[in-house]
2 protein chains.
Amino acid sequence: MTQAQILSKNQQIVLDIIEKARGPLKAYSILFNVQKKGINAPQQIYRALDKLIKLGKIHKIESKNAFVACRNTDCEISKATAFSICENCEMVDEISDTKLSKYLTSFNKKGMKFKRFNLEFFGLCKKCK
Amino acid sequence: MTQAQILSKNQQIVLDIIEKARGPLKAYSILFNVQKKGINAPQQIYRALDKLIKLGKIHKIESKNAFVACRNTDCEISKATAFSICENCEMVDEISDTKLSKYLTSFNKKGMKFKRFNLEFFGLCKKCK
DNA sequence: ATTATATATGTTATATTATAACACTTTGTT
DNA sequence: AACAAAGTGTTATAATATAACATATATAAT
Ligand SMILES: [Zn+2]
Ligand SMILES: [Zn+2]
Ligand SMILES: [Zn+2]
Ligand SMILES: [Zn+2]
């Protein structure tokens, strides 16, 4: 049984903001939102983000340089991530599909066994199409 | 039959450098390499990169903010990309796997049909493991 | 051939994203 | 208590990317 991780003050502040957000947040937009809470410098944000990513609490959307909360309890800590991204609005949805995940986790190429993957799908969401 | 695309001067310069490179190149490293050829500003690089991406001649490795030449003749112009990336050295290999590509191209979620995807696998390459 | 249209270029300035380095504090272990 | 590990605050700077504007070249119509 894994111990519930206790987050530090800054880590909790950053996670709260990302979890409350309706879409992906950028590091500097997080920074502007927490200056009232005494966080003043990008480093403080990036350090919290790095830790939260390692813990699997959030993920980075690489194509957007933005961060979303993980809504996926059985998400193998940042090892296998897939997202659907609307090219029109900002919507990002984490895909939780066991078949897809198994298929990709067991995928290997030229004897190279992968430790991790990130998959980003692009299209138009329901609202936008 | 699609007409072979004729590239502009700057586009050709940038493509040549990326094709010659053994690994992914970053925009500013391209810039430093072409200053002898009269290209002086990041804009000139980024504009060429944008066009080359649209043409499917190169791809962006989102997790590295770097660019690689497409070695894949049947690569559907930037619509379906997959890469294997070594976490130790800089090695990036474009994956050309018809089954994988078909599986992902036909993947859809909650009625959302995707137009495009990008998949990045991470691990250790032969040399590094 | 002349006009129109789209595409490309050159340039300066600036915005955005991310890390380095250092001094200090808090937390957990032995 | 002594030590090690993780977290904080801060200043400075590096790396990545775009805005805006003036001009030039290529392509396609008329
Ligand atoms: Zn997740
Ligand atoms: Zn949308
Ligand atoms: Zn390709
Ligand atoms: Zn390697």
Side-chain angles (χ1 to χ4, degrees), chain A residues 2-18 21 23-68 77 87 90 92 118 120, chain B residues 2-18 21 23-68 77 87 90 92 118 120:
Chain A
T2 352
Q3 175 79 31
Q5 183 75 27
I6 289 157
L7 298 175
S8 76
K9 184 187 124 238
N10 288 359
Q11 289 159 14
Q12 191 63 59
I13 289 171
V14 169
L15 179 58
D16 285 347
I17 292 216
I18 296 175
L25 289 185
K26 303 202 150 219
Y28 275 74
S29 123
I30 295 169
L31 176 58
F32 297 141
N33 275 287
V34 297
Q35 291 191 320
K36 51 200 161 200
K37 300 209 173 172
I39 298 182
N40 306 299
Q43 267 290 5
Q44 298 175 286
I45 303 299
Y46 281 105
R47 286 196 285 226
L49 290 172
D50 285 350
K51 189 63 190 285
L52 292 169
I53 288 169
K54 272 182 194 139
L55 296 174
K57 301 272 188 194
I58 65 170
H59 303 297
K60 181 173 186 180
I61 307 300
E62 294 287 358
S63 60
K64 294 178 104 60
N65 297 319
F67 304 85
V68 294
I77 306 215
E87 282 176 315
E90 284 287 277
V92 169
N118 180 55
E120 299 182 2
Chain B
T2 352
Q3 175 77 34
Q5 183 76 25
I6 289 156
L7 299 175
S8 76
K9 183 187 123 240
N10 288 0
Q11 289 157 14
Q12 192 63 59
I13 291 171
V14 170
L15 179 58
D16 285 347
I17 293 214
I18 296 175
L25 288 184
K26 303 201 150 223
Y28 276 74
S29 121
I30 296 170
L31 176 57
F32 298 140
N33 275 287
V34 298
Q35 292 191 320
K36 51 200 163 202
K37 299 207 173 173
I39 297 182
N40 307 297
Q43 267 290 4
Q44 298 174 286
I45 303 299
Y46 281 105
R47 286 196 286 228
L49 290 172
D50 286 350
K51 189 62 189 287
L52 292 169
I53 288 169
K54 272 182 194 139
L55 296 172
K57 302 274 188 193
I58 65 170
H59 304 296
K60 181 173 187 181
I61 308 300
E62 294 287 357
S63 60
K64 293 179 107 58
N65 297 319
F67 304 86
V68 294
I77 305 214
E87 282 175 315
E90 283 288 277
V92 169
N118 180 54
E120 300 182 2

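FYI, side chains are in, hydrogens and waters are out, and symmetry mates aren't considered; it's all heavy atoms of this structure. Quick caveat, the model's predicted, so the values are computed rather than measured.
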J.: Please name all residues satisfying side chain to side chain contact (heavy atoms under 4.5 Å, CB included) with A/Glu90, sequence neighbours left out, ordered by chain then number.
T.: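 A/Glu90 satisfies side chain to side chain contact (heavy atoms under 4.5 Å, CB included) with A/Lys64 only.
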J.: Not counting sequence neighbours, which residues clear side-chain hydrogen bond (donor to acceptor under 3.5 Å, both in side chains) with A/Asp16? List them please.
T.: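 Expected list: A/Gln12.
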J.: Which distance, rounded to the nearest 0.5 Å, do you find between the CD1 of B/Ile18 and the CD1 of B/Ile13?
T.: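 It comes to 12.0 Å.
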J.: Near DNA chain C, which residues from residues 28-41 of chain A have a heavy atom under 4.0 Å away?
T.: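 Under 4.0 Å from DNA chain C: A/Tyr28.
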J.: Without decimals, in angstroms, what is the distance between B/Lys26 NZ and D/dA14 P?
T.: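 Rounding to the nearest Å, NZ of B/Lys26 and P of D/dA14 are 16 Å apart.
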J.: Determine all donor-acceptor pairs shorter than 3.5 Å in which one atom belongs to a side chain in residues 29-49 of chain B; sequence neighbours excluded.
T.:
| unit_1 | atom_1 | unit_2 | atom_2 | d |
| --- | --- | --- | --- | --- |
| B/Asn33 | ND2 | B/Ser29 | O | 2.7 |
| B/Asn40 | ND2 | B/Gly38 | O | 3.3 |
| B/Gln44 | OE1 | B/Asn40 | N | 3.0 |
| B/Gln44 | OE1 | B/Ala41 | N | 3.1 |

J.: Does B/Lys60 make a side-chain N or O approach to OP1 or OP2 of D/dA17 shorter than 4.0 Å?
T.: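 Affirmative; the distance criterion is met.
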J.: So, does B/Gln44 get its side chain near the phosphate of C/dT9, meaning an N or O under 4.0 Å from OP1 or OP2?
T.: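 So the side-chain polar atoms of B/Gln44 never come under 4.0 Å of the phosphate oxygens OP1 or OP2 of C/dT9.
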J.: Please state how far atom CG in A/Asp50 lies from atom P in C/dA20, giving the value in whole angstrom units.
T.: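 Going from CG in A/Asp50 over to P in C/dA20 covers 11 Å.
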J.: For a quick check of understanding: with a heavy-atom distance under 4.0 Å over all strands, which category does B/Lys64 fall into, base, sugar-phosphate or nothing?
T.: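 It contacts nothing in the nucleic acid.
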J.: What is the distance, to the nearest angstrom, from the CD1 atom on A/Ile13 to the C1' atom on D/dG7?
T.: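 My rounded result for the distance is 13 Å.
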J.: Could you tell me, to 10°, how much the axis swings from one end of the helix from C/dA1-D/dT30 to C/dT30-D/dA1 to the other, five pairs per end?
T.: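 Angle reported: 40°, given to the nearest ten degrees.
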J.: Which heavy-atom pair separates B/Ile58 from B/Phe67 by the least distance, and what is that distance?
T.: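 Heavy atoms of B/Ile58 and B/Phe67 come nearest at CD1-CD2, 4.2 Å.
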J.: In terms of the nearest nucleotide of DNA chain C, which residue is placed more toward the 5' end: B/Ser8 or B/Asn65?
T.: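 Its nucleotide being nearer the 5' end, the pick is B/Ser8.
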J.: Which nucleotide in the set C/dT7, C/dT19, D/dT18 lies at the smallest distance from any side-chain heavy atom of A/Tyr46?
T.: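 Between C/dT7, C/dT19, D/dT18, the one nearest the side chain of A/Tyr46 would be C/dT19.
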J.: Starting at CD1 of A/Ile45 and ending at C1' of D/dG7, how long is that distance when rounded to a whole Å?
T.: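 It is 14 Å, rounded to the nearest whole Å.
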J.: Please enumerate all protein N or O atoms sitting under 3.5 Å from an N or O of nucleotides 20-27 of chain D, with distances to 0.1 Å.
T.:
none

J.: Is there a donor-acceptor pair closer than 3.5 Å between any side-chain N or O of A/Glu120 and the backbone N or O of A/Glu62?
T.: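 Yes; at least one donor-acceptor contact below 3.5 Å.
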J.: C/dT7 P sits how many Å from B/Gln12 CD, rounded?
T.: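 Atom-to-atom, B/Gln12 to C/dT7, this comes out as 19 Å.
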J.: Should B/Lys51 be listed as having a side-chain N or O under 4.0 Å from OP1 or OP2 of C/dA8?
T.: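 Result: yes.
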J.: Once you round to the nearest 0.5 Å, how far does CG of A/Leu55 lie from CG of A/Asp50?
T.: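 Between A/Leu55 CG and A/Asp50 CG, I get 11.0 Å after rounding to 0.5 Å.
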J.: In this structure, how many angstroms lie between the P atom of D/dT16 and the CD atom of A/Glu62, rounded?
T.: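 Computing the A/Glu62:CD to D/dT16:P distance gives 14 Å.
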J.: Can a side chain N or O of A/Lys9 be found less than 4.0 Å away from OP1 or OP2 on D/dG7?
T.: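 The answer is no; no side-chain N or O of A/Lys9 sits under 4.0 Å from OP1 or OP2.
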J.: Once rounded to the nearest 0.5 Å, what's the spacing between atom CG of B/Leu52 and atom CG of B/Asn10?
T.: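 Those atoms lie 10.5 Å apart.
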